[in-house]
Amino acid sequence: MGNSPFSPLRASQKLNNGALVNLVISEKNWLETTAVDQLIHTTQLPGMLLGVGMPDLHPGKGQPIGAAFISQEHIYPHLVGSDIGCGMGLWHLDVPAHKFKMDKIEKRLVGLDEPYEESPNELLEQYDFDLSAFDRMGIENIDALNNKLGTIGGGNHFAEFQSVAKIFDSDVFEQTGLTKRSTVLLVHSGSRGLGQAILHQHMNSHGANSLTGSTQNGYLHQHDTAVKWAEINRYIIARRFLSAIKAGGHSILDITHNSVTALSSQQQNDMISLCAPLSLTEKSKHTMWIHRKGVSPTDQGLVMIPGSRGSHSYLVKPKTDNKNAISHGGYSLAHGAGRKWQRSDAKGKLRNNFTVKDLENNGFGGRVICKQRDLLFEEAPQAYKNIDVVISDLQQAGMIDLIAQFKPLLTYKTRKK
DNA sequence: ATGTCC
């Protein structure tokens, strides 16, 4: 490890199948052994070249969350999971932070769990979504699904108003058009029932087996459809929220963190040199694929990494100067703080020490709107790891430059009881 | 994560 620029941060290990496992995690970070077991187990699947665990790595349903997997020839839909296309959209509002009146805004955020009043099909067409893409998907009720367009969903999804807390790189920050007085809206949502229906359909016929060759086409088409649907969903959510608070704004970035995509030819060449002892040249005619489950890409511009709903979020710029760091990191970054406690544990641990009122306060003088009691406890900041440690691990690994830090003003989860 | 499992 002496010649590694990441030592001793990066625990790198070559498995029996020749694949590399990398952990972008420092000693001061904490992670569950289950998550590491899942990371190693998954990296042993046929065709795997590289598995990367980010500082927000935590156990999932068989495979870890906060991980990137690069394979050759093989695509594993279950590694992307059911929320295909889930991601973060960041919007710059035309309301300065000092004019953001919490009580007034909160009162205006109503009806946002209900179906959007505009026709979903017209909306989809408006955003250049090819409605014929739904053909042959075998999903029973597309209309019911499209009625979810513009709604946030459950789990860790949210829409959050934030203000600027700190600027680290004023040049890059100003290039986004933001100022220190700006208010932003961060939208975290995905493909709702669509991705789930696609994965279920796939699992019914193929289970957890990989797809190779032309058998990939059907899934990839559906996957790409879900990614686009999710992106449009975030777009409409943002527009709904802006319209509800009578503000204007525009999108700064939209980054998908659950997907499978082909590596660029440059990235494939980098992987061949990274995995040289595997003598990949023979197999290199096959496409390499990157599965992202709760990790953001490093080749799509700036990335927003949110903490919990009671902590800062960070706008970061993936570093481009260290090719080795980029390929070792699976062309990916952590996508958030990562869970510390399982959903099922969170309520039991917090019930006796925290009231609903406590958890509705975000610790920054702002609020979380979450009328679903169980969800409020499951998603409490205490159930998440410290975002500052996650960010510092990525920094120390040479993967990011910090651009700015944001503070939560008001988070919307759901008004449904 | 989920037009969510009982």
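The chains referred to below are lettered A, B, ... by the order of the sequence lines, with proteins before strands, and numbering in each begins at 1. Note that the coordinates shown come from a computational prediction; the quantities given were computed from them, not determined experimentally.
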Looking just at side-chain N and O atoms, do H92(A) and S182(A) make a donor-acceptor pair shorter than 3.5 Å? yes
H157(A) NE2 to dT4(B) P, in whole Å, measures 16 Å
Atom CD1 of I65(A) and atom P of dT2(B) are separated, to the nearest Å, by 13 Å
Taken to the nearest whole Å, CE/M137(A) to P/dG3(B) is 15 Å
Ordered by number, residues from residues 139-149 of chain A within less than 4.0 Å of DNA chain B (heavy atoms) are N141(A), A144(A), K148(A)
The residue, Q372(A) or E379(A), whose nearest nucleotide of DNA chain B is more 5′ is E379(A)
Whole-Å distance, D113(A) CG to dG3(B) P, equals 14 Å
- Message: Under 4.0 Å between a side-chain nitrogen and a carboxylate oxygen: does that hold for K371(A) and D113(A)?
- Response: no
When rounded to whole Å, the CG to P distance for the pair D374(A) and dT2(B) reads 16 Å
Q342(A) meets the side-chain contact (heavy atoms from CB on, under 4.5 Å) criterion, sequence neighbours left out, with S344(A), D345(A)
Rounded to whole Å, the NZ-P distance (K61(A) to dC5(B)) equals 11 Å
### Task
Evaluate side chain to side chain donor-acceptor pair (under 3.5 Å) for H157(A) paired with D83(A), printing each intermediate quantity in order.
CA-CA 11 Å; H157(A) 290 170; D83(A) 196 3; 3.2 Å; yes
Whole-Å distance, I84(A) CD1 to dT2(B) C1', equals 13 Å
Taken to the nearest whole Å, CZ/R343(A) to P/dT4(B) is 16 Å
Applying side-chain contact (heavy atoms from CB on, under 4.5 Å) to D169(A) and not counting sequence neighbours gives D171(A), V172(A), I403(A)
- Task: Select base, sugar-phosphate, or nothing to describe what G153(A) touches, counting heavy atoms under 4.0 Å on all strands.
- Result: sugar-phosphate
Regarding Q396(A) and S392(A), is there a side-chain donor-to-acceptor distance under 3.5 Å anywhere?
yes
